[in-house]
Amino acid sequence: MFTIGDFARHGRVSVRMLRHYDAIGLLRPARVDPHSGYRFYEAAQLARLNRVIALKDLGFTLDQVQSILDEQVGAEELRGMLRLRRAELEEALERSRALLAQVGARLRAIESEGRMSTQDVVVKKIPAVRIAELSGIAASFGPEHITPVISPLYEELCGRLESAGITGWGPGIAYYEDAGRGDGSVLVHAGMTVPEGTAVEGLEVLVLPGIEEAATIVHRGPMEALLPTAQTLASWIEANGYTSTGYARELYLEVPEDKAKWVTEFQEPVTRG
């Protein structure tokens, strides 16, 4: 048998926690010395302790933990619950990372106000191009809503092109439209330039019209960090007497595995005045 201190050390919990579990009947000692009141535990009780801690980490209250354990939840069922909780935590972590990237982009935009060069903005004509595309709806034009929609679209699009044996496709072109719902939602088009004659079941193949006049700027880095570049383009458009006539297209010039090395050209349709 183990003293309460030894059992706490082996279970990686505090003595105070074990005393509380004893008081509420969640984990009783195997034996209590009638004279000294010292508590003693058996190694087999570590299994119950592990389940208590695991269920607590899943978000259950101690009363719920006791009810679950009294119903003898099996190891396989508990593993399933833990896997589910792990997936939830990983999803929350991914959301936090995305939010952190957005906060960083906003901070960089604030820090660069009035300091980013607009010399790289070029006004040019964008030719029409043949693309295969998939579309989806995003709740807004914010990166927190666009990214979760456009990333799976491109993954599926490239997979279908590869499966169909299409060669010579790329680069990617994304363009956007109001979804027409009146709630700020956006219709996201994930496109890939393809050769003439391309036909793939489940993909829409079309000629994306050219832009007669577009203000363009090249962004280097991940799309989560695009805000300073996009706002530099907006400032240039206003300062030079132009008016934006729609969402900017995104032409993905280089998309290596390291997103920090991505090169994207923004092509915003404009008109004078």
Side-chain angles (χ1 to χ4, degrees), residues 1-108 111 138-140 142-156 159 221-225 256-262:
M1 284 194 170
F2 300 99
T3 66
I4 190 171
D6 289 338
F7 189 74
R9 187 173 68 254
H10 288 297
R12 302 298 191 271
V13 296
S14 68
V15 169
R16 181 179 178 181
M17 183 180 290
L18 289 177
R19 287 177 178 150
H20 179 59
Y21 290 169
D22 180 16
I24 63 176
L26 185 57
L27 181 59
R28 300 284 194 189
R31 185 173 74 83
V32 177
D33 187 283
H35 302 293
S36 65
Y38 290 166
R39 298 171 176 86
F40 295 91
Y41 294 82
E42 296 176 343
Q45 291 181 280
L46 288 169
R48 184 176 177 91
L49 177 62
N50 289 337
R51 282 161 170 73
V52 170
I53 302 302
L55 290 167
K56 271 186 59 187
D57 289 344
L58 284 169
F60 292 104
T61 67
L62 291 180
D63 286 341
Q64 292 171 325
V65 169
Q66 186 154 11
S67 297
I68 291 171
L69 292 180
D70 288 345
E71 292 176 6
Q72 311 248 324
V73 173
E76 186 57 38
E77 185 176 355
L78 186 56
R79 278 195 292 270
M81 295 167 71
L82 287 171
R83 290 191 192 102
L84 177 61
R85 179 57 174 162
R86 182 176 63 186
E88 291 173 346
L89 290 172
E90 288 173 347
E91 183 179 348
L93 181 61
E94 190 60 34
R95 288 197 301 268
S96 296
R97 285 174 177 159
L99 179 59
L100 182 61
Q102 293 164 33
V103 170
R106 289 284 176 186
L107 180 59
R108 285 189 293 274
E111 291 173 340
S140 80
E144 71 276 14
H145 293 137
I146 295 293
T147 300
V149 173
I150 200 168
S151 294
L153 287 176
Y154 266 114
E155 185 175 346
E156 183 178 353
M223 296 303 289
E224 293 82 359
E257 187 172 345
D258 183 357
K259 291 185 177 181
K261 297 180 180 178
W262 278 26

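Counting heavy atoms from C-beta on, the side chains of L69 and R48 come closer than 4.5 Å. Contact of the Y41 side chain with the L18 side chain is registered, since non-hydrogen atoms from C-beta on lie closer than 4.5 Å. A heavy-atom distance below 4.5 Å is found between the side chains of I53 and M17. Contact annotation: the side chain of F7 approaches that of L46 to within less than 4.5 Å [non-hydrogen atoms, C-beta and beyond].
Residues passing the side chain to side chain donor-acceptor pair (under 3.5 Å) test with S140 are H145, sequence neighbours excluded.
No more than 12 heavy-atom neighbours from other residues, nucleotides or ligands sit within 6.0 angstrom of CD on E155.
One distance of note links CZ of R9 with OG1 of T3; it measures 7.0 Å at 0.5 Å rounding. Distance CG/L49 to CZ/R12: 11.0 Å, rounded to 0.5 Å. Between atom CG of residue D63 and atom CD1 of residue I68 there is a gap of 11.0 Å, rounded to the nearest 0.5 Å.
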Side chains of residues 22-36: which donor-acceptor partners sit under 3.5 Å, not counting sequence neighbours?
| residue | atom | partner | partner atom | Å |
| --- | --- | --- | --- | --- |
| D22 | OD1 | R28 | NH1 | 3.2 |
| D22 | OD2 | R39 | NE | 2.8 |
| R28 | NH1 | D22 | O | 2.6 |
| D33 | OD1 | H35 | N | 2.8 |
| D33 | OD1 | S36 | N | 2.8 |
| D33 | OD1 | S36 | OG | 3.3 |
| S36 | OG | Y38 | N | 3.2 |

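The two atoms that bring A138 and I146 nearest to each other are CB-CD1, 3.8 Å, heavy atoms only. In plain terms, the two heavy atoms of P222 and A260 that are nearest each other are CD-CA, 3.9 Å. Considering every non-hydrogen atom in both M223 and W262, the closest pair reads CG-CZ3, 3.8 Å. In this structure, F40 and M1 approach most closely via the heavy-atom pair CB-SD, 3.8 Å.
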Margin query: The test is side-chain contact (heavy atoms from CB on, under 4.5 Å); show your working for L55 and Q64 and say whether it passes.
Written below: CA-CA 9 Å; L55 290 167; Q64 292 171 325; over 6 Å; no

